[in-house]
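Heads up: the structure comes next, in structure tokens.
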Amino acid sequence: MTGRVVVFDPADYVAGAARLIGEKIVDAVVRRGRCSLALAGGSTPMPVYRALAAKGFSPSIPWDKVEIYFGDERGVPPDDKNSNYGAARLVLMAHAPIPTASVHPMDGARADREAAARDYDGILPARLDVLLLGLGADGHTASLFPGSPALHETERRVVPVIGPKPPPARLTITPPVIAAAMHIVMLATGADKALVVARVLEGAASPDELPAWLARGGTWVLDSAAAAELRDQGKGKREKGNGPTRAGPAVR
Ligand code: 6PG
């Protein structure tokens, strides 16, 4: 799978990222009749989810054909302010006509975290159609943190971890889930992500140092601040409005 880099001006980022994700969802439904969409946690995706759920959003998303999964979850209940499911529910599920039965949160707060991970592994599709990921400044993605034993997991598709980003106890998808995804969309904005974006996409890092390396083959949707350290940003036509300002070259 070859990757690509799409860079938006900050003012265009949310609309552009939402449109790009919407097109991948519609593409999956056209091809397969349904779309399995795994949401990323953290703060970056939330305005993009809100845009996806907005009335009149184009392309029109057949939400009744979309199954919602999660790439990771913190060890908190759904109504906790740190819950990825809880945050997505507020901005996406509360506004888009997504059947409740189509939303599959991870049971992050269950005391038996191994059992919670096993149960989620049992409901994850063999191949996610669209996997959304976020990027930490340390190179983590989902809840795969640098140096984590989870990075060497080849069998289990969901595992409990203890990470350095609070809250520490989490459930996360593992490398096999990322490798199997049909479309990966990495969402990263802000100057604080610029160095790690360049290290992952243009450096010689390993997944152990920079777990986001596992997503190099996906579509990296960046704002110009997060793309600022990339040497090779392509010379695409600069468009105003929702279009990408520069579509970068395929990521090596
Ligand atoms: C989480 C996320 C995590 C997040 C990055 C970026 O649960 O914390 O899965 O991987 O995507 O830390 O977070 P921001 O978007 O808030 O910078």
Side-chain angles (χ1 to χ4, degrees), residues 8 10 13-14 17-18 21 37-52 68-92 104-109 113 116-117 120 124 128 130-148 150-151 157-175 177-178 181 184-197 199-201 207-216 218-223 225-228:
F8 292 94
Y13 184 82
V14 169
I21 293 166
L37 168 68
L39 301 181
S43 56
T44 303
M46 296 306 150
V48 178
Y49 298 158
R50 190 179 293 112
L52 280 171
I68 303 274
Y69 297 91
F70 292 80
D72 70 337
E73 187 53 272
R74 289 86 176 273
V76 296
D79 55 359
D80 185 293
K81 67 177 173 29
N82 284 312
S83 166
N84 285 336
Y85 161 71
R89 182 175 54 185
L90 278 179
V91 295
L92 177 61
H104 311 283
M106 289 183 171
D107 189 357
R113 297 179 341 109
Y120 206 75
L124 263 185
L128 288 163
V130 182
L131 171 59
L132 306 183
L133 291 172
L135 175 68
D138 64 354
H140 79 259
T141 192
S143 285
L144 293 168
F145 292 93
S148 167
L151 290 165
R157 300 190 302 153
V158 183
V159 294
V161 296
I162 298 293
K165 177 180 178 182
R170 293 155 171 256
L171 297 178
T172 185
I173 57 172
T174 60
V177 177
I178 298 174
I184 297 170
V185 179
M186 174 65 81
L187 300 168
T189 60
D192 64 322
K193 306 289 172 74
L195 276 178
V196 70
V197 164
R199 285 185 63 204
V200 172
L201 295 183
D208 247 336
E209 290 167 78
L210 300 174
W213 188 93
L214 296 164
R216 273 165 61 105
T219 300
W220 285 54
V221 185
L222 311 172
D223 71 357

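One-based numbering, in listed order, for ligands and for the atoms of each.
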Does ligand 1 have any N/O atom under 3.5 Å from a protein N/O, and what are those pairs and their distances?
| residue | atom | partner | partner atom | Å |
| --- | --- | --- | --- | --- |
| ligand 1 | 7 (O) | Asp72 | OD2 | 3.0 |
| ligand 1 | 7 (O) | Arg74 | NE | 2.8 |
| ligand 1 | 7 (O) | Arg74 | NH2 | 3.4 |
| ligand 1 | 7 (O) | Asn84 | ND2 | 2.9 |
| ligand 1 | 7 (O) | Arg170 | NH1 | 3.2 |
| ligand 1 | 8 (O) | Arg74 | NH2 | 2.9 |
| ligand 1 | 8 (O) | Lys165 | NZ | 2.8 |
| ligand 1 | 8 (O) | Arg170 | NH1 | 3.3 |
| ligand 1 | 9 (O) | Asp72 | OD1 | 3.0 |
| ligand 1 | 9 (O) | Asp72 | OD2 | 2.7 |
| ligand 1 | 9 (O) | Ala142 | O | 3.4 |
| ligand 1 | 10 (O) | His140 | NE2 | 3.4 |
| ligand 1 | 10 (O) | Ala142 | N | 3.4 |
| ligand 1 | 10 (O) | Ala142 | O | 2.6 |
| ligand 1 | 11 (O) | Gly41 | O | 3.4 |
| ligand 1 | 12 (O) | His140 | NE2 | 2.6 |
| ligand 1 | 12 (O) | Lys165 | NZ | 2.7 |
| ligand 1 | 13 (O) | Lys165 | NZ | 3.4 |
| ligand 1 | 15 (O) | Ser43 | N | 3.3 |
| ligand 1 | 15 (O) | Thr44 | N | 2.9 |
| ligand 1 | 15 (O) | Thr44 | OG1 | 2.6 |
| ligand 1 | 16 (O) | Ser43 | N | 2.8 |
| ligand 1 | 16 (O) | Ser43 | OG | 2.6 |
| ligand 1 | 17 (O) | Lys193 | NZ | 2.7 |

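Ring geometry for His104 against Tyr69 counts as parallel: the plane angle stays under 30°, on a 0 to 90° scale with 60° as the upper cut.
Judged purely by distance below 3.5 Å, without hydrogens or angles, the side chains of Ser143 and Asp72 pair a donor atom with an acceptor atom.
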Please lay out, stage by stage, how Leu39 and Ile68 fare under the test side-chain contact (heavy atoms from CB on, under 4.5 Å).
CA-CA 7 Å; Leu39 301 181; Ile68 303 274; 3.7 Å; yes

Hey, mind stepping through Trp220 and Val200 against side-chain contact (heavy atoms from CB on, under 4.5 Å) and telling me if it holds?
CA-CA 11 Å; Trp220 285 54; Val200 172; 3.5 Å; yes

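The backbone N or O of Val221 lies less than 3.5 Å from a partner atom in the side chain of Tyr13, making a donor-acceptor pair.
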For residues 184-195, tabulate all N or O donor-acceptor pairs below 3.5 Å that involve a side-chain atom, not counting sequence neighbours.
| residue | atom | partner | partner atom | Å |
| --- | --- | --- | --- | --- |
| Lys193 | NZ | Leu135 | O | 2.8 |

